[in-house]
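Scroll down for the structure; my scribbles are underneath it.
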Amino acid sequence: MRKALAAAVALGFVFAGVAWAHVAVNDPNTIACPSAPAGWKALPVRKTIATPQSVPEAAAEEHMATGGNLVTVSCTYYASPVRQVTARVSYALPTDINPVNDFYWGCGTGDQPWDTSYRVYRVPSSSQWALGMFDDIAGYMPDNQAPKFESVAKELLQNANGYAHPCKNATTPAALTSRFSFDIYVAGANIKSMFWTDDAKAKNGVAPITQSDQTTSPFQVPLGGKTVPLTIELVKGIDFKSSTAHTNDTVRYAVKVVSTKVPQCSRGATGTLTISSRPFVSLNVCGRSFLQSQTPRRIRFFW
């Protein structure tokens with residue numbers, strides 16, 4: 001497959017498609033540590049963050065390793081350089097497809113009260129897969145100060161609100177899109193972009209493009225026996241037609257002229273770019289068609 005892909009790049013066009021879902025993931029660095037309680041200000045509060053990207057692979061449990069689904073923000077408070085207590089908030093990422101399996105507490109499972117034997121306090125969120133807690137295994141904290149750190153753990157959990165996988169599950173199937181990319185050399189320009197299609201809205205094999213990268217391509221188009229510069233911007237994808245026994249894969253883009261020396265073609269003029277595995281490339285703008293004679297001899301689509 002790699003050899004075939006490299007050959008396709010050399011010939012001018014690569015096409016790859018994968019399932020894709022858009023989920024916002026907030027930066028855990030923006031979760032603030034609560035202020036230090038009275039008597040615990042000997043040193044500044046120290047914040048540390050563990051994510052699937054930051055934990056060393058050899059030390060990582062499965063849910064914390066690269067590709068995992070758990071984030072922990074820790075805030076350490078000091079009564080002296082030695083005496084310290086750490087409050088933490090841990091949460092399952094919103095991209096986690098199964099937080100029940102990867103995260104044991106959350107979604108209103110109930111607090112674990114402070115216990116002088118285990119010296120741990122936990123408070124789960126009732127709206128997301130997240131847990132606030134603190135522990136004092138070393139016994140640095142007098143028991144009568146536990147309420148101070150219970151408040152710290154609750155505030156830290158609140159500061160992480162909106163960062164985790166929500167408790168409420170979707171009751172309808174999530175809309176999935178397919179992601180594609182292309183990379184083609186024609187008329188001195190390298191045209192490349194990535195786009196997503198809504199397959200659920202496809203009609204007769206033609207799916208609308210819901211999102212696409214904006215890129216600029218400077219062509220040298222043949223005109224009157226010489227080549228003339230024509231730079232276009234791929235403004236947005238229009239649609240993508242999947243191949244059948246009698247048709248070819250075809251993508252269409254709306255384009256805009258950025259600059260040109262083509263007569264009677266001004267900046268801002270709009271048109272369409274069509275690319276097909278026939279192979280065929282056509283740029284229609286300013287009342288003319290360009291690029292058909294420049295089409296690579298072979299265009300391949302990889303799924």
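Note that the structure is predicted; figures quoted are calculated from it, not measured.
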Report the C-alpha separation of V221 and R288 in whole Å, then their side-chain angles, then the decisive distance to 0.1 Å, and conclude whether the side chain to side chain contact (heavy atoms under 4.5 Å, CB included) test is met. CA-CA 11 Å; V221 298; R288 304 186 186 198; over 6 Å; no
Applying side-chain hydrogen bond (donor to acceptor under 3.5 Å, both in side chains), run through S193 and Y253 and close with a yes or a no. CA-CA 10 Å; S193 180; Y253 267 76; 2.9 Å; yes
Could you go through V152 and C75, starting from their C-alpha distance and side-chain angles, then the distance that decides it, and tell me whether this counts as side chain to side chain contact (heavy atoms under 4.5 Å, CB included)? CA-CA 9 Å; V152 168; C75 303; 5.8 Å; no
Under the side chain to side chain contact (heavy atoms under 4.5 Å, CB included) rule, what do W114 and D143 come out as? Steps first, then yes or no, please. CA-CA 9 Å; W114 170 254; D143 289 334; 3.8 Å; yes
Working for ring-ring contact (aromatic ring centres under 6.0 Å, His included), residues F240 and F182: CA-CA 12 Å; F240 173 70; F182 63 82; 9.9 Å; no
Candidate pair D198 and T210, rule side-chain hydrogen bond (donor to acceptor under 3.5 Å, both in side chains), full reasoning: CA-CA 6 Å; D198 187 344; T210 58; over 6 Å; no
Under the side chain to side chain contact (heavy atoms under 4.5 Å, CB included) criterion, do V89 and V71 qualify, and how do the steps go? CA-CA 8 Å; V89 61; V71 170; over 6 Å; no
What verdict does the side-chain hydrogen bond (donor to acceptor under 3.5 Å, both in side chains) test give for S282 and N284, after you've listed the backbone C-alpha separation in whole Å, the side-chain angles of each residue and the deciding distance to 0.1 Å? CA-CA 6 Å; S282 179; N284 295 283; 3.1 Å; yes
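To the nearest 0.5 Å, atom NE2 of residue H165 and atom OH of residue Y91 are 13.5 Å apart. One distance of note links SG of C33 with CZ of R46; it measures 10.0 Å at 0.5 Å rounding. Distance check, rounded to the nearest 0.5 Å: OG1 of T260 to CD1 of I232 gives 10.5 Å. Note: D136 CG to R83 CZ = 9.0 Å, rounded to the nearest 0.5 Å. In this structure, CD on Q214 lies 10.0 Å from NZ on K236, to the nearest 0.5 angstrom. With values rounded to the nearest 0.5 angstrom, M133 atom CE is found 9.5 Å from T72 atom OG1.
With a 6.0 Å radius and a threshold of 12 heavy atoms from other residues, nucleotides or ligands, K261 has its NZ atom at or below the threshold. Counting heavy-atom neighbours within 6.0 Å of D115 CG, excluding the residue itself, gives a total above 12.
A donor-acceptor contact shorter than 3.5 Å is absent between the side chain of K203 and the backbone of P208. Formation of a donor-acceptor pair under 3.5 Å by the Q220 side chain with backbone atoms of G188 is not found in this model. Between the N248 side chain and the S276 main chain, no donor and acceptor come within less than 3.5 Å of each other.
When the side chains of ILVMFWY residues are joined at heavy-atom separations under 4.5 Å, either directly or via intervening members, I238 and L291 end up in two distinct hydrophobic clusters. Using a 4.5 Å cut-off between side-chain heavy atoms of Ile, Leu, Val, Met, Phe, Trp and Tyr, with links allowed through other members, V228 and L230 fall into the same hydrophobic cluster. F280 and V285 fall into different hydrophobic clusters, where Ile, Leu, Val, Met, Phe, Trp and Tyr are joined by side-chain heavy atoms under 4.5 Å apart, directly or via other members.
Within the 4.5 Å cutoff, the side chain of Y185 has no heavy atoms near those of the P296 side chain. Within the 4.5 Å cutoff, the side chain of K148 has no heavy atoms near those of the Y77 side chain. Using a 4.5 Å heavy-atom threshold, the side chains of C265 and V257 count as touching. At a threshold of 4.5 Å between non-hydrogen side-chain atoms, the residues Y140 and Q145 do not count as touching. No side-chain heavy atom of L157 sits less than 4.5 Å from a side-chain heavy atom of L131.
Ion pair R88/D135 flagged as a salt bridge, since at least one NZ, NE, NH1 or NH2 atom sits closer than 4.0 Å to an Asp/Glu carboxylate oxygen.
There is a side-chain donor-acceptor pair under 3.5 Å between T30 and Y163.
Under the side-chain contact (heavy atoms from CB on, under 4.5 Å) rule, W129 has a single partner from P166, P99, P124, which is P99.
The two residues A164 and Q128 come nearest to each other via the heavy atoms N-OE1, 3.1 Å.
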